[in-house]
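Down below is the structure, laid out as structure tokens.
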Amino acid sequence: MPELPEVEVLVRHLRPLLYGKVIHAVHVSRPRVLRPTSVRTFTQKLKKARFTNLSRRGKFLLFTLSQRKGVETMGLVGHLGMTGRMYLLSKPATLPKHTAVSMDLGDKQFVFEDTRYFGRLTLETGAIERLGPEPLSNEWTTDIFAEALRNSTQPIKVKLLDQSLVAGIGNIYASEALFRSGISPKIPARRLGKGQVLQLWRAIREVLAEAIDRGISQELDYPGDSKRLDGFFYFGRSAREDLPEPFSVYGRLGEPCLICGKVIRRLIQASRSTFYCPHCQTAKSGRR
DNA sequence: CACCATGTTCCTTG
DNA sequence: CCAAGGAACATGGT
């Protein structure tokens with residue numbers, strides 16, 4: 001589920017639901033997701049704490065809680081990894097097989113489910129500090145983007161996945177933004193011309209903003225247990241036949257390019273798939 | 001059995 | 001010190 005848009009939509013969904021709720025009990029069935037926090041510390045700190053806010057930074061969720069007695073504030077950091085979900089269930093609830101952590105909130109049960117357990121829910125907040133700027137904020141300018149690409153010999157696609165460069169782009173939206181800006185994923189980052197940097201900067205913002213809009217305008221199945229919605233959480237092709245295809249190139253290997261009709265290709269970069277149109281996305285560098 | 005999967009972190013190499 | 005590449009983590013779908 002999780003790149004910046006998916007996390008943003010989830011945060012907007014959960015924030016009002018969690019606001020003011022008190023944690024009565026904590027159950028950790030997979031201590032690995034707390035890393036490096038211990039189960040004992042985690043449980044002891046969260047028990048009787050109250051949710052006061054929820055925000056997003058890159059692909060991370062940032063929960064704010066107030067301690068049981070007093071005004072002290074505590075940060076709890078969440079990450080969905082590749083397969084994580086977070087949602088509330090009405091009690092009494094049957095927890096899914098891959099529940100990593102659950103919390104008793106009185107009338108509701110908070111569930112962090114994660115099939116592959118790559119996700120996290122932790123009191124350790126260090127990861128947040130290593131993140132680059134938010135791509136949808138005014139802090140992230142074309143100049144900052146250009147400067148960050150200037151000295152890198154890595155292919156631009158690989159560079160976009162670097163969370164210290166700009167936070168929140170993942171494998172799907174990296175391919176989508178490069179397609180939209182007509183740039184080959186193989187070009188070394190420092191070879192991008194001024195015009196290409198500007199187009200890519202704009203494409204990243206558009207692609208992310210549009211995905212958020214899609215997410216908030218669709219009915220979603222957060223726990224993935226609704227027959228009617230077919231488990232549809234966010235993207236995932238063919239999950240819903242009634243919805244239009246959300247991606248131009250991602251996952252479209254062998255299908256025709258929506259612009260020129262040539263076949264979409266896949267290439268492996270840094271052990272991950274990149275999808276692109278060989279005709280629309282030129283390998284040529286622009287003017288610098 | 002093969003290959004694929006929305007991510008991050010750690011280790012090695014240069 | 002840094003950049004870059006690869007493995008590890010873990011479970012499932014096709």
Side-chain angles (χ1 to χ4, degrees), chain A residues 1-11 29-37 56-61 77-86 96-101 112-122 124-132 148-178 186 188-190 204 207-208 211-212 214-215 220-222 224 230-239 245-254 264-275:
Chain A
M1 289 116 264
E3 291 185 31
L4 183 153
E6 291 76 22
V7 178
E8 178 64 27
V9 171
L10 176 61
V11 162
S29 21
R30 280 286 183 146
R32 169 182 154 77
V33 306
L34 308 187
R35 62 192 181 281
T37 307
R56 179 192 58 74
R57 184 75 174 83
K59 302 173 198 174
F60 289 84
L61 299 101
V77 166
H79 196 291
L80 300 176
M82 297 271 262
T83 54
R85 292 176 167 220
M86 292 185 189
K97 181 178 176 190
H98 296 297
T99 299
V101 178
F112 174 27
E113 177 191 359
D114 187 1
T115 308
R116 292 170 74 180
Y117 304 108
F118 287 178
R120 291 175 81 190
L121 191 60
T122 178
E124 155 66 40
T125 57
I128 301 271
E129 287 138 38
R130 294 189 287 273
L131 294 175
L149 300 179
R150 223 181 52 157
N151 290 315
S152 177
T153 57
Q154 274 188 310
I156 185 59
K157 154 62 164 41
V158 176
K159 204 63 192 163
L160 289 180
L161 299 180
D162 178 352
Q163 302 298 297
S164 69
L165 182 88
V166 54
I169 302 171
N171 209 36
I172 293 178
Y173 298 107
S175 282
E176 292 296 310
L178 286 166
K186 301 180 216 177
R190 66 173 174 193
I204 287 167
V207 158
L208 296 177
I212 292 171
R214 265 206 312 281
L220 300 175
D221 179 13
Y222 291 93
D230 199 21
F232 188 72
F233 173 57
Y234 199 170
F235 43 65
R237 295 153 53 82
S238 79
E245 279 296 340
F247 309 131
S248 299
V249 287
Y250 185 82
R252 296 193 64 239
L253 175 64
I264 300 300
R265 290 192 192 164
R266 183 177 70 192
L267 113 110
I268 305 296
Q269 298 180 289
S271 317
R272 314 212 47 201
S273 289
T274 301
F275 297 88

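Below, read A as the first sequence line, B as the second, and so on, with proteins coming before strands; counting in each chain starts at 1. Heavy-atom basis, side chains included; hydrogens, waters and symmetry copies ignored. Computed from a predicted structure; not experimentally measured.
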Closest to the [X] side chain: [options]?
{"X": "S273(A)", "options": "dA10(C), dT9(B), dC4(B)", "value": "dC4(B)"}
{"X": "S152(A)", "options": "dA5(B), dA10(C), dA4(C)", "value": "dA4(C)"}
{"X": "H98(A)", "options": "dT11(C), dG7(B), dT9(B)", "value": "dT11(C)"}
{"X": "T115(A)", "options": "dT8(B), dA10(C), dG12(C)", "value": "dG12(C)"}
{"X": "T153(A)", "options": "dG12(C), dG7(B), dA3(C)", "value": "dA3(C)"}
{"X": "Q154(A)", "options": "dG7(B), dA4(C), dT9(B)", "value": "dA4(C)"}
{"X": "K159(A)", "options": "dT11(C), dA4(C), dA5(B)", "value": "dA4(C)"}

If you assign R266(A) and G170(A) each to the DNA chain B nucleotide with the nearest heavy atom, which residue ends up on the more 5' nucleotide?
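With R266(A) and G170(A) compared, the 5'-side residue is R266(A).
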
Of R116(A) and L161(A), whose nearest nucleotide on DNA chain B comes first from the 5' end?
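Nearest-nucleotide comparison on DNA chain B picks R116(A).
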
Listing time: all N or O pairs from protein to nucleotides 12-14 of chain B that are below 3.5 Å?
none

Let's see if you get this right: which residues in residues 29-36 of chain A place a heavy atom under 4.0 Å from DNA chain C?
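Close to the strand are R30(A), R32(A).
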
H79(A) side-chain N/O to dG7(B) phosphate OP1/OP2 under 4.0 Å:
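Indeed not, no polar side-chain atom of H79(A) lies that close.
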
Between R272(A) and dC4(B), is there a side-chain N or O to OP1/OP2 distance below 4.0 Å?
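False: R272(A) side-chain N/O out of range (4.0 Å or more) of dC4(B) OP1/OP2.
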
Could you tell me whether A127(A) contacts a base, only the sugar-phosphate backbone, or nothing, with contacts defined as non-hydrogen atoms closer than 4.0 Å?
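Counting heavy atoms under 4.0 Å across all strands, the contact made by A127(A) is with sugar-phosphate only.
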
Side-chain touch [X]/[Y], heavy atoms, less than 4.5 angstrom:
{"X": "L4(A)", "Y": "Y173(A)", "result": "no"}
{"X": "L61(A)", "Y": "L80(A)", "result": "yes"}
{"X": "F275(A)", "Y": "L253(A)", "result": "yes"}
{"X": "D114(A)", "Y": "R30(A)", "result": "no"}
{"X": "L267(A)", "Y": "K157(A)", "result": "no"}
{"X": "P188(A)", "Y": "I156(A)", "result": "no"}

The test is side-chain contact (heavy atoms from CB on, under 4.5 Å); show your working for L10(A) and R85(A) and say whether it passes.
CA-CA 9 Å; L10(A) 176 61; R85(A) 292 176 167 220; over 6 Å; no

CD1 on I169(A) to OG on S175(A), rounded to 0.5 Å:
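Interatomic distance, S175(A) OG to I169(A) CD1, rounded to 0.5 Å: 11.5 Å.
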
Can you check the L80(A) CG to dT8(B) P distance for me, whole Å?
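For the pair L80(A) CG and dT8(B) P, the rounded distance is 10 Å.
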
Between dC1(B) and dC9(C), how far apart are the two C1' atoms, rounded to whole Å?
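Their C1' atoms lie roughly 22 Å apart.
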
Euclidean distance for P, dA10(C) against dC10(B) (whole angstrom)
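Per the computed distance, 14 Å lies between those P atoms.
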
Would you find a donor on one side and an acceptor on the other, under 3.5 Å apart, between the side chain of [X] and the backbone of [Y]?
{"X": "Q163(A)", "Y": "G132(A)", "result": "no"}
{"X": "R35(A)", "Y": "R120(A)", "result": "no"}
{"X": "E3(A)", "Y": "K59(A)", "result": "no"}

Which ranges of DNA chain C pair up as stems, where a stem means three or more consecutive Watson-Crick or G-U pairs with both distances under 3.5 Å?
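Result, WC/G-U stems under 3.5 Å: B:2-5 with C:11-14, B:7-14 with C:2-9.
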
Is_stacked (F118(A), dC9(C)) at 5.5 Å, 30 deg
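By the stated criterion, F118(A) and dC9(C) stack.
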
Step by step, work out the side-chain contact (heavy atoms from CB on, under 4.5 Å) result for L165(A) and L149(A).
CA-CA 8 Å; L165(A) 182 88; L149(A) 300 179; 4.1 Å; yes

